[in-house]
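Quick notes on the structure that follows.
Note that these values count all heavy atoms, side chains included, but never hydrogens, waters or copies made by symmetry.
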Amino acid sequence: QVQLVESGGGLVQPGGSLRLSCAASGSIFSIAALGWYRQAPGKERELVAFITSGGVTNYADSVKGRFTISRDNAKNTVYLQMNSLKPGDTAVYYCSLGTDYSENYYPNGWGKGTLVTVSS
């Protein structure tokens with residue numbers, strides 16, 4: 001069963017940076033695609049970025065050039081480096097494990113989330 005635990009959220013000023021980490025369970029980590037979602041108050045959960053088992057990355061237009069997703073299979077961990085943060089990035093961020101197919105990401109569950117607040 002998929003188990004994911006996010007960490008690294010917090011309060012940061014506009015223009016600042018944070019790195020989120022997600023420790024994932026199990027034997028299928030190295031062959032799975034991994035994704036980060038976020039959900040702001042009153043808005044739908046959206047896919048921010050995902051990375052395939054081969055290391056190919058994809059990003060939402062709103063974060064391109066600012067966020068970087070990476071993975072360390074030896075540690076069963078996926079990261080989201082967030083730079084040049086904006087107030088609009090404020091959300092609960094969730095990591096997920098799943099598959100990629102035809103340039104789309106299909107999650108198999110999410111972690112409990114970590115809150116990122118961007119405010120002066």
Side-chain angles (χ1 to χ4, degrees):
Q1 307 301 321
V2 175
Q3 290 184 286
L4 302 155
V5 181
E6 303 94 339
S7 62
L11 175 64
V12 63
Q13 294 182 340
S17 298
L18 284 173
R19 189 177 77 157
L20 306 183
S21 300
C22 175
S25 63
S27 60
I28 66 171
F29 182 89
S30 65
I31 62 172
L34 301 162
W36 284 96
Y37 289 77
R38 68 186 182 186
Q39 188 165 26
K43 296 184 178 180
E44 298 179 358
R45 186 175 298 189
E46 65 173 340
L47 179 62
V48 175
F50 69 91
I51 183 168
T52 71
S53 61
V56 178
T57 59
N58 293 268
Y59 299 92
D61 288 343
S62 59
V63 307
K64 284 181 179 177
R66 300 189 297 120
F67 290 11
T68 303
I69 187 171
S70 61
R71 64 192 295 161
D72 185 341
N73 290 343
K75 297 181 179 180
N76 274 20
T77 300
V78 60
Y79 305 95
L80 186 68
Q81 178 67 46
M82 305 185 295
N83 299 325
S84 301
L85 283 161
K86 304 174 181 179
D89 297 318
T90 296
V92 177
Y93 284 72
Y94 303 87
C95 68
S96 68
L97 180 150
T99 58
D100 68 282
Y101 180 74
S102 297
E103 301 183 351
N104 294 314
Y105 177 73
Y106 298 88
N108 184 19
W110 295 267
K112 297 298 183 182
T114 185
L115 177 63
V116 173
T117 302
V118 184
S119 177
S120 60

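Using a 4.5 Å cut-off on side-chain heavy atoms (C-beta onward), P14 and P87 make contact. At a threshold of 4.5 Å between non-hydrogen side-chain atoms, the residues Y93 and Q39 do not count as touching. Annotation: side chain of K86 is not in contact with side chain of V118 (no heavy-atom distance under 4.5 Å). Counting heavy atoms from C-beta outward, F50 and L34 have side chains that stay 4.5 Å or more apart. Side-chain atoms of S119 and T90, non-hydrogen and from C-beta on, never get closer than 4.5 Å to each other.
In this structure, Y37 has no side chain to side chain donor-acceptor pair (under 3.5 Å) partners at least two apart in sequence or on a different chain. For Y105, the side chain to side chain donor-acceptor pair (under 3.5 Å) partners are S96, not counting sequence neighbours.
Here the CD1 atom belonging to I31 is positioned 7.5 Å from the OG atom belonging to S53, to the nearest 0.5 angstrom. Atoms CD and OG1, on E103 and T52 in that order, are 11.5 Å from each other to the nearest 0.5 Å. Separation of atoms CG (L47) and OH (Y106) is listed at 11.5 Å; rounding is to 0.5 Å. Atom CD1 of I51 sits about 6.0 Å away from atom CZ of R71, to the nearest 0.5 Å. For the atom pair S62 OG and D89 CG, the distance stands at 7.5 Å (nearest 0.5 Å).
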Worksheet entry | Candidate pair F67 and N83, rule side-chain contact (heavy atoms from CB on, under 4.5 Å), full reasoning | CA-CA 6 Å; F67 290 11; N83 299 325; over 6 Å; no
Practice prompt. Run the numbers on Y79 and D72 for side-chain contact (heavy atoms from CB on, under 4.5 Å), then give the verdict.
Written response: CA-CA 8 Å; Y79 305 95; D72 185 341; 4.1 Å; yes
Practice prompt. Take L20 and V116 through the side-chain contact (heavy atoms from CB on, under 4.5 Å) test and state the conclusion after the steps.
Written response: CA-CA 9 Å; L20 306 183; V116 173; 4.0 Å; yes
Worksheet entry | Steps toward side-chain contact (heavy atoms from CB on, under 4.5 Å) verdict (L97, Q3) | CA-CA 9 Å; L97 180 150; Q3 290 184 286; over 6 Å; no
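Contact record, S84 with S17: N-OG, 4.3 Å, taken as the closest heavy-atom pair. Among all heavy-atom pairs drawn from L80 and W36, the shortest one is CB-NE1, 3.6 Å.
Using modelled atom types, one side-chain atom of T77 and one backbone atom of K75 make a donor-acceptor pair closer than 3.5 Å. Of the possible polar contacts, one joining the E6 side chain to the G113 backbone as a donor-acceptor pair under 3.5 Å is found. Here the side chain of S102 pairs no donor or acceptor atom with the backbone of N104 at under 3.5 angstrom. Side chain of R19 to backbone of G9: no donor-acceptor contact under 3.5 angstrom is found.
For residues 108-120, no pair satisfies salt bridge (charged side-chain N to carboxylate O under 4.0 Å, His left out), with sequence neighbours left out.
Judged by the 6.0 Å and 45° rule, R38 forms no cation-pi pair with Y94. Cation-pi geometry between R66 and Y59 is not met at under 6.0 angstrom from the ring centre and within 45 degrees of the axis.
Hydrophobic clustering of Ile, Leu, Val, Met, Phe, Trp and Tyr side chains at less than 4.5 Å, counting indirect connections, keeps I69 apart from W110. The cluster map of Ile, Leu, Val, Met, Phe, Trp and Tyr, joined by side-chain heavy atoms under 4.5 Å apart, puts V63 and V12 in the same cluster.
By the 6.0 Å contact criterion, CD on Q81 is enclosed, its count of non-hydrogen atoms from other residues, nucleotides or ligands being greater than 12.
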